[in-house]
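Protein chains get the first letters and strands the later ones, always in sequence-line order, with residue 1 at the start of each.
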Amino acid sequence: MNRQIPSPYTLGDVALGVPCCVPEAHLQVKDVSVSYGGKKVLSNVSLDIYKGCITALIGPSGCGKTSFLSTLNLLTDHSENAHVTGQLLFDDQDLLRDPVDKLKLRRRIGMVFQNPNPFPLSIWRNLELPLKEHGVRDRKTRQVKIEQALKDVGLWDEVHDRLASPALALSGGQQQRLCIARALVLEPEILLMDEPCSALDPIASGVVEELILRLRGRYTVVIVTHNLAQARRLANYAGFFWMTERVGKLVEFGQCRNLFETPIHALTAAYISGAKG
Amino acid sequence: MNRQIPSPYTLGDVALGVPCCVPEAHLQVKDVSVSYGGKKVLSNVSLDIYKGCITALIGPSGCGKTSFLSTLNLLTDHSENAHVTGQLLFDDQDLLRDPVDKLKLRRRIGMVFQNPNPFPLSIWRNLELPLKEHGVRDRKTRQVKIEQALKDVGLWDEVHDRLASPALALSGGQQQRLCIARALVLEPEILLMDEPCSALDPIASGVVEELILRLRGRYTVVIVTHNLAQARRLANYAGFFWMTERVGKLVEFGQCRNLFETPIHALTAAYISGAKG
Amino acid sequence: MADRLFSYLVFGCALLVVALLFWVLGDVVIEGSRHFSWQFLYSAPADAGRSGGIGPILVSTLWILLIALGLALPLGLGVAIWLSEFAHQNSHFANGIGISLDILAGVPSIVFGLFGNAFFSIYLGLGFSLLAGGLTLACMILPVFVRTCESGLRAVNDDWRRGALALGMSRSAAIAHILLPVARPAIVAGLILGIGRATAETAALLFTSGYVDRMPGSLLDSGRALAVHIYDLSMNVTGGDGAAYASALVLVVLIITLNTWAQSLVDSWFKRRLLS
Amino acid sequence: MMFKASSSRADRRLNALLLLLTSGTALLLALIMLFLLNESWPFLISWWRNGGWHDFYQPQGWYPLEGRFGMSPMILSSLAVTVGAITLALPLGLGSAIFLQFYAISPFAQSFRLLLNLLAGIPSVVFGLWGLTRLVPLITSWQPPGASLLAAILVLSLMILPTIALTSASALASVSKDLVTGSMALGLRRKTWIINVLIPAAKVGISRGVLLATARALGETMAVMMVAGNVVQNPIGLFEPVRVLTANIALEMAYAMGDHRASLFASGLLLTLLVWLLSWTAHRMSNSSKGANLNG
Amino acid sequence: ENKRLILTGSSTVAPLAAEIAKRYESQHPRVRIDVQMGGSARGINDVRGGLADIGMVSRALKESEQDLKSFLIAMDGIGVVLHKSNTITALSDQQIIAIYTGNIRNWEQLGGPDKPITVINKAEGRSTLELFLQHFSLKNSEIKAHVIIGDNQQGIKTIVGNPGAIGYVSIGSAEYEVARGTAIKLLPMAGNPATVEAVAKGHYPLSRQLNLVLKTEPSGLAKNFIAYAQSAHVKDLVESQFFVAP
Ligand SMILES: Nc1ncnc2c1ncn2[C@@H]1O[C@H](COP(=O)(O)OP(=O)(O)OP(=O)(O)O)[C@@H](O)[C@H]1O
Ligand SMILES: Nc1ncnc2c1ncn2[C@@H]1O[C@H](COP(=O)(O)OP(=O)(O)OP(=O)(O)O)[C@@H](O)[C@H]1O
Ligand SMILES: [Mg+2]
Ligand SMILES: [Mg+2]
Ligand SMILES: O=P([O-])([O-])[O-]
């Protein structure tokens, strides 16, 4: 009902939003529901995540955005009481049914969390550890990748002279950017970001936004944000979640501009005009 | 240099900003510097906090806003390596020099933090504990005050039937409002708020904003925020902090509208236009 | 005012603990140093321990400790990791293991001794030996070590677990590189409680590592532990008090050394990886 | 805590290995129980046949050589000594932990911690010796015979104190600093936030330490045997001698034959059941309070 | 030839046996004798079960234990002991019985100081207790004890700390402690002075045997060792452990 998606492969339509590379589904979500300990919190979400595009998800607190994001990289599997149904098509596989190597999958689908969570290691080790884990044996290669990731998030200049110092000593904004770099260093295909800027000041937030824009085309990005202005600035596609009787639903999904300027659903309209972004 | 404050007691001037009650200094900050372990992080801040007004503080991450806020209720005294110099005039006393009863002072100057930090007790006990601590012996009085505080933050309807349940079971937004209620229940004269909405979604954030607006006149509020739109909406006065060579400074202080529309300092102008609020 | 009172109470507690410790150890230090000489440390006991020294006993004690810790440490850490990282929160099995550990912590040491004798010495044919003693001790210190480590691991922030998972890191890597180093203080506490229990044990060792005060030639030889020696001298050997106190003094010094060593060992082990 | 289970092969292997180790510890308990059952079996059979359970309402006394095996006073004494020791050691241990975490300046904290560690490692004979030669005479001069429930409680509380103090200290240390800052900002006194905020926040860790200490207290043998007086009677007064189950084993095992010996193993079994009951209750209580406290 | 002998049993005998074993080892370098402690019961059980070559038992064998062979290596007397400050110098058998059965509860009733009596008894199963009960024709359930002890030293230390106490311990130990100035005193028993000498002469009424026991007639090393332990070569060792050579 809520799928206001242009017919695929029509670049004309997509161009209505912020320019985006290939309107081809990278990840297809079909009828996905999430429940915790038998209590449903998210019901029957269906949408496509487009390759190389930025998809923003908005909605009030508790409507299941984080839960939705965590199903995409199967992180919900590790939450004991979580149960997910539906289909998640990625690379001709149904992630929810077929046997997948989760470690490899998560290398391909990276995630950044709302609270910066750098490991209590040095800055360098924070980036080296995932690389080593994924079998990047060569020291030189690692060095190159780490430097590139730090440059991508604009942290290189700020920390290149103290890579051995603890990551926890960085400021909040720097920590968040480090976490993004940690996800980027694995060169994922899809990057899931859960309110990456909520702990940041406008400048740091601006840096991250620019970074996300620069990632467009190279990466597929799904971003949850409370900042509607940000969603509007960044996204090619946007989804609006709402909660009725404590169960979250995807109310509307469509091109970012459409959703913000000509929302179909009354709820969406109310949220967008009422909420103070 | 940076004191763009209208001559006091001229209501006309104040009316240029959002209406504010009495343009009378409630707390005078003179030449306050903060250093941690000998390293200065905030240097020579001077400003007046006006009675019944809302003062917003903005600035990039790490420029010392939180540190500044914590000096106002002498919370810095408890961090071992912190050292504060300057004058803090409140009620004819220099808080930094004269012997003050910190506990009483903090009843008069409340504070709300960025991360909601309710105590691991029931909702009711969270509010009762500070009241009891400050000698409100009478059960009835406490009941009235607690109810009032919960109504003030719009939480009463949501939780009045489960006051005995643990506060940590509330949602993030509810927790933050509970923390505000916990500060309000003591009826402080001044309320310090450190990015109170950064963890909230737009709706919860709107509720808190409305609450703050309703407090105007009754309380003196100092709020740190990264959301410039919010600062503009709320504040009568605004202060802009900036960091040069890792030391924070107050670059500009003045009426909110002036600061946002006709900033004096080039840095302020750049920050306000460049930052994506 | 009430706050002042509370401070006094807390300081009073600490003072009382210190005073009691000094009171308990007062005799040990005074009587012990009267009987102590450097020779006492390395010579063999004579006349049922009244004279001579504790050389062989010290060696046996260290061997037993080494076996017990060498076994209980990896085993205990493994169990703690399983309980906190792999077990399902409400599974009956994990709960059962937890309760088993608590029960094991309460089994009287003499029962451990008799069990160790029946199982290790007789059933497994180890006889009275350092090995049997060390194994029995390992069983004894396991519960307290596991429980302490487990609490420490559980207290580690979930954000790091989540972060590691989202990076496609294996659980094992997250444990080795992040969780264990972060839980270091609890591991030290568990280790120290374990060392304490092991050095203090009498009854369990009497029935397993035995009473022989000869210098052990191999791990299959019987050897008398320091605590057993102290027990024998003070309770069973007339006129053994002086030597008992001197042995207790050596034990106290040994404990302090072991604690300091354990602390620095664990620190250096984990801190290299961790900067906080 | 909430992120469990594993996916990679290495993880599955580690899980299997650790599961094996864990099962090993369960096996250990099973072996010990089996051993106790096996050794006490003859006694249990005859005890059941002879209606030994009457003992609980009609005490028959402990005279194994005369065929009278009344254990109920010893169960009560074990409980009394343990409860008494915990009542003393809990405030003292918690106080020490609070001192360590919030009051002691760093060099003092270091040496105080070392003292606690030392206390944890002193053999029970040394505590017993101290009790016998210092504490008991003191009590005697006041209320003979001196060797009594009180002496046992005092010595035992000192022995379990470091367990409580060290586990509580690490539990308090892992409480979020935000709570402290928040409390200070409300103008709460240090006493208030320690008692009303931090201790509830560290409750789980503290209670786990107390459980360990309780188990230790129930299982402690030598020191209690040396100071408790060891007369088999109900714990009717603080100054009356009592015999606990562990002391019973230690005192008589070396000289017991046949049924007497089997009955001593039965007291070991009984003690194990007691700890099990205690631990199970604690689990139930903590599970139900966990459900009420946190939803995540 | 390399030979090994394992002794287990009585804690009373163990220190003596260990000293004898050491001396024997020093004379026979290839022989190793391990002495383990664990109580008389353990000695008997282990010998029966073949876990030990020789058991140590601090009493004479009972009716039910006649399957074993015992070899006396020393005697130990039991003496009644009071605190040094107690003015009582002698107690009749009747008085001791009255005290132990709880009929006399204060030293004043016997002409001593006004102090409640603390009766110290031994734990069930201990041979000294059996000896004591037998001598005074008492049943253990008749005794109203205030403190029940395990080892000798616990008894002596308890009495030292309690001026109103009465107990019974090994005479040799008590004599040593008295000589060292410890605050205890030994009472004569039925007119016989409680001394090691009196035990040695054989007319002290309360004494027990310290035995080595075997399942079969000894042979080889066991036989040699027992012969050595019973010989005059170790008389000094027996005496230095405060026992009486047989
Ligand atoms: N592990 C869990 N166990 C039980 N309930 C959970 C769990 N995680 C989330 N929930 C519940 O699921 C619902 C959706 O949570 P989720 O975190 O996905 O919301 P959200 O949209 O991300 O909210 P926010 O904007 O506050 O981050 C909430 O009601 C939450 O309480
Ligand atoms: N306890 C402390 N010890 C040492 N340095 C500190 C401490 N607290 C803060 N700092 C440092 O002081 C500087 C100012 O910190 P502060 O938290 O006041 O910044 P802020 O303006 O609140 O930043 P943000 O917007 O990220 O919250 C930072 O460089 C920070 O690292
Ligand atoms: Mg979320
Ligand atoms: Mg801040
Ligand atoms: O230990 P005893 O057999 O001599 O009482």
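Contact check for D:Lys191 versus C:Arg4: no side-chain heavy atoms found under the 4.5 Å cut-off. Under the 4.5 Å side-chain criterion, counting only non-hydrogen atoms from C-beta, D:Met222 is not in contact with C:Met235. Using a 4.5 Å heavy-atom cutoff, the side chains of C:Ile255 and D:Asn117 are not in contact. Here the side chains of D:Leu18 and C:Leu83 are not in contact, with every heavy-atom distance at 4.5 Å or above. In this structure the side chain of C:Thr199 never reaches within 4.5 angstrom of the side chain of D:Pro123, judged on heavy atoms. Within the 4.5 Å cutoff, the side chain of C:Val17 has no heavy atoms near those of the D:Leu115 side chain. Taking the side chain as every heavy atom from C-beta outward, C:Trp23 and D:Arg134 approach each other to under 4.5 Å.
With a 4.5 angstrom heavy-atom cutoff, C:Ser172 touches chain D via backbone and side-chain atoms both. In this structure, chain D has heavy atoms under 4.5 Å from both the backbone and the side chain of C:Ile99. Only the side chain of D:Met226 has a heavy atom closer than 4.5 Å to any heavy atom of chain C. Only the side chain of D:Leu129 comes within contact range of chain C, with at least one heavy atom under 4.5 Å from a heavy atom of that chain. For chain C, no part of D:Leu245 is nearby; none of its heavy atoms comes within less than 4.5 Å. With a 4.5 angstrom heavy-atom cutoff, C:Val28 touches chain D only via side-chain atoms. The contact between D:Phe99 and chain C is made by backbone and side chain atoms together, counting heavy-atom distances below 4.5 Å. If you measure heavy-atom distances from D:Leu161 to chain C, the contacts under 4.5 Å come from the side chain alone. Only the side chain of D:Leu271 comes within less than 4.5 Å of a heavy atom in chain C; its backbone stays farther off. Both the backbone and the side chain of C:Val144 come within less than 4.5 Å of a heavy atom in chain D. Contact annotation for D:Leu20: neither backbone nor side-chain heavy atoms come within less than 4.5 Å of a heavy atom of chain C. Looking at D:Leu158, the atoms closer than 4.5 Å to chain C (heavy atoms on both sides) all sit in the side chain, from C-beta outward. D:Thr272 touches chain C through backbone and side chain together, each having a heavy atom under 4.5 Å away. In this structure, the portion of D:Leu211 lying under 4.5 Å from any heavy atom of chain C is its side chain and not its backbone. The contact between C:Ala248 and chain D is made entirely by side chain atoms (from C-beta outward), counting heavy-atom distances below 4.5 Å. Only the side chain of D:Leu132 comes within contact range of chain C, judged by heavy atoms closer than 4.5 Å.
Residue with the most contacts toward chain D among C:Val107, C:Leu75, C:Thr260: C:Leu75 (heavy-atom pairs, distance under 4.5 Å). Options C:Leu258, C:Leu9, C:Leu251, C:Leu254 differ in how many heavy-atom pairs under 4.5 Å they form with chain D, and the most are formed by C:Leu251. Contact count against chain D (heavy-atom pairs under 4.5 Å) is highest for C:Phe11 among C:Phe93, C:Phe11, C:Phe112. The candidate from C:Asp27, C:Val146, C:Leu20, C:Thr148 with the greatest count of non-hydrogen atom pairs under 4.5 Å with chain D is C:Asp27. Between chain C and the options D:Thr25, D:Leu19, D:Thr246, the largest number of non-hydrogen pairs under 4.5 Å is found for D:Leu19.
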Problem - D:Val125/C:Ser234 under side-chain contact (heavy atoms from CB on, under 4.5 Å): CA gap, chis, key distance, verdict - result: CA-CA 8 Å; D:Val125 220; C:Ser234 61; 3.8 Å; yes

Exercise for the section: Any chance you could lay out the side-chain contact (heavy atoms from CB on, under 4.5 Å) test for D:Trp276 and C:Ser100, step after step, and finish with the verdict? Expected result: CA-CA 8 Å; D:Trp276 174 75; C:Ser100 305; over 6 Å; no

Exercise for the section: Step by step, work out the side chain to side chain donor-acceptor pair (under 3.5 Å) result for C:Trp82 and D:Asn15. Expected result: CA-CA 7 Å; C:Trp82 189 83; D:Asn15 188 4; 2.9 Å; yes

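The two residues D:His283 and C:Asp102 make their nearest non-hydrogen contact at NE2-OD2, 3.6 Å. In terms of heavy-atom proximity, C:Leu114 sits nearest to D:Met253 at CD1-CE, 3.4 Å. What you find for D:Gly95 and C:Val10 is that their closest heavy atoms are O-CG1, 3.8 Å.
One distance of note links OG of D:Ser124 with OH of C:Tyr231; it measures 10.5 Å at 0.5 Å rounding.
With ring centers used as reference points, D:Phe35 lies 6.0 Å or more from C:Phe119.
Screening C:Leu25, C:Val24, C:Leu21 for a side chain to side chain contact (heavy atoms under 4.5 Å, CB included) with D:Leu119, the sole residue that qualifies is C:Leu21.
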